Amino acid sequence: MDPTQLVLQAELGDWEFVWRQRQFFVDGTVLAVKLTFFSILLGFVLGLPAGVVEAYGGTYSKGVVRPVGVVVRGTPILVIISLTYFAGGVSPAFTAATIALGVRSAAYQSQIFRGAIESVESGQMEAARAVGLSKLDSIRHVVLPQALRRSVPGFQNEFTIVLKDTSIAYAIGVAELLKRSYDLFSIQTTAALEVFLAASLIYFVLTFSVNRGIERLHNYVAIPGGNH
């Protein structure tokens, strides 16, 4: 047989291997999506109050929140995951990865929310206080509804970052998409290119789909006549 035909047959065989193992990719993708969702959710729960504190907090509260955020943002995610799982003893591995990714996301989301809050004109807070609302109620009912709408575009980058960072969970044994790709590669080493191309395509489809969805959400909730 011609050498070119042999190479072609081998490549087709590798793609056939990838197709036969498609359930591996499906299971890994589902786990990566779950990890991304719960990490983003935890980041929101922690990041929104942190953003409010950075925008409106007092000297002491800012003095705690800001340095913590700087440290977390400056620490590699692999270190955070390793500390959470090995030093912190958090188990199972999925929970440890979720907490680590969620805390890291919270540090970045706090800056998204801080920027969105500070973009709301200060006169609106003053007007809310003038009609008798407390500072907390003014933030809750006047500032935050606008800030949340303006923060939507920031989640495009944040989602992409968290989705890619889920691959680091491989280090503590979470069987997400990248780990399953490595497992398949170890079974048939000649299919390395095909396996990782398939995984890359899945990551691209996830990122593209969610980004388009976020853009639609932003257009839907955009403040009429606003600049954001």
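No experiment lies behind these values; they were computed from the predicted model shown. These numbers come from the heavy atoms of this one structure, side chains and all, not from hydrogens, waters or symmetry mates.
- Checked for salt-bridge contact, Glu176 and Lys179 miss the test: no charged N lies under 4.0 Å from a carboxylate O.
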Dump the intermediate steps for side-chain contact (heavy atoms from CB on, under 4.5 Å) on Ile202 and Leu206, then the final yes or no.
CA-CA 6 Å; Ile202 293 172; Leu206 289 174; 4.2 Å; yes

Walk me through whether Glu126 and Arg129 qualify under side-chain contact (heavy atoms from CB on, under 4.5 Å).
CA-CA 5 Å; Glu126 297 171 1; Arg129 297 300 301 276; 5.8 Å; no

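- Atom CG of Leu177 and atom OH of Tyr203 lie 4.5 Å apart (nearest 0.5 Å).
- Under a hydrophobic clustering in which Ile, Leu, Val, Met, Phe, Trp and Tyr are joined whenever their side-chain heavy atoms come within less than 4.5 Å, directly or via other members, Ile77 and Val71 fall into different clusters.
- Taking 4.5 Å as the limit, some side-chain heavy atom of Phe17 sits within range of a side-chain heavy atom of Leu184.
- The two atoms that bring Val152 and Ile214 nearest to each other are O-CG2, 3.6 Å, heavy atoms only.
- Note: Leu101 CG to Ile81 CD1 = 4.5 Å, rounded to the nearest 0.5 Å.
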Using side-chain contact (heavy atoms from CB on, under 4.5 Å), reason through Gln21 and Ser181 one step at a time and then give a plain yes or no.
CA-CA 10 Å; Gln21 304 299 330; Ser181 298; over 6 Å; no

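- Counting all heavy atoms, side chain and backbone alike, Ser209 lies closest to Val205 at OG-O, 2.7 Å.
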Check against side-chain contact (heavy atoms from CB on, under 4.5 Å), Leu148 and Leu48:
CA-CA 9 Å; Leu148 288 174; Leu48 180 58; 4.2 Å; yes

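- Linking Ile, Leu, Val, Met, Phe, Trp and Tyr residues whenever their side-chain heavy atoms come within less than 4.5 Å leaves Val65 and Leu46 in two separate clusters.
- Proximity of Val120 to Arg150: side-chain heavy atoms (C-beta onward) are separated by under 4.5 Å at one or more points.
- Hydrophobic clustering (side-chain heavy atoms under 4.5 Å, transitive across Ile, Leu, Val, Met, Phe, Trp, Tyr) groups Leu144 together with Val221.
- No donor-acceptor pair under 3.5 Å is formed between the side chain of Thr207 and the backbone N or O of Phe204.
- The two atoms that bring Met125 and Lys135 nearest to each other are CE-O, 4.3 Å, heavy atoms only.
- Looking at every heavy atom in both residues, Ile40 comes nearest to Ser105 through CD1-OG, 4.1 Å.
- Shortest non-hydrogen contact noted between Phe196 and Leu178 is CE2-CD1, 4.1 Å.
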Carefully, step by step, assess Gln146 and Arg149 under the rule side-chain hydrogen bond (donor to acceptor under 3.5 Å, both in side chains).
CA-CA 5 Å; Gln146 299 177 71; Arg149 294 163 114 179; over 6 Å; no

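- A salt bridge does not link Glu54 with Lys62: none of the charged nitrogens is closer than 4.0 Å to a carboxylate oxygen.
- Atom CD1 of Ile172 is separated from atom OG of Ser82 by 7.5 Å, given to the nearest 0.5 angstrom.
- Screening residues 55-90 for ring-ring contact (aromatic ring centres under 6.0 Å, His included), with sequence neighbours left out, gives no hits.
- In this structure, Gln156 and His218 have side chains that are not in contact, with every pair of non-hydrogen atoms separated by 4.5 Å or more.
- In the hydrophobic cluster analysis, where Ile, Leu, Val, Met, Phe, Trp and Tyr join through side-chain heavy atoms closer than 4.5 angstrom, Val79 is grouped apart from Val103.
- Expressed to the nearest 0.5 Å, how far OG of Ser151 lies from CD of Glu158 amounts to 11.5 Å.
- Side chain to side chain, Gln23 and Asp27 meet the donor-acceptor criterion of an N or O pair below 3.5 Å.
- Applying the ring-ring contact (aromatic ring centres under 6.0 Å, His included) test to every pair with at least one member in residues 18-39, sequence neighbours left out, gives no pairs at all.
- A cation-pi arrangement is not found for Arg104 relative to Tyr108, the charged atom failing to lie both closer than 6.0 Å to the ring centre and inside a 45° cone about the ring normal.
- Note that the CG atom of Asn211 and the CG atom of Asn157 stand 8.0 Å from one another [nearest 0.5 Å].
- Shortest non-hydrogen contact noted between Ser39 and Val162 is CB-CG1, 3.9 Å.
- By the neighbour-count criterion of 12 heavy atoms within 6.0 Å, atom CZ of Arg140 is sparsely surrounded, having that number or fewer from other residues, nucleotides or ligands.
- Hydrophobic clustering places Leu42 together with Val174 (ILVMFWY residues linked when any side-chain heavy atoms are closer than 4.5 Å, directly or through intermediates).
- Sorted by first and then second residue, the pairs that involve residues 123-180 and meet ring-ring contact (aromatic ring centres under 6.0 Å, His included), not counting sequence neighbours, are Phe113-Phe155, Tyr170-Tyr182.
- Heavy-atom neighbours of Arg22 CZ from other residues, nucleotides or ligands within 6.0 Å: above the threshold of 12.
- Atoms OG and CG, on Ser138 and Leu133 in that order, are 4.5 Å from each other to the nearest 0.5 Å.
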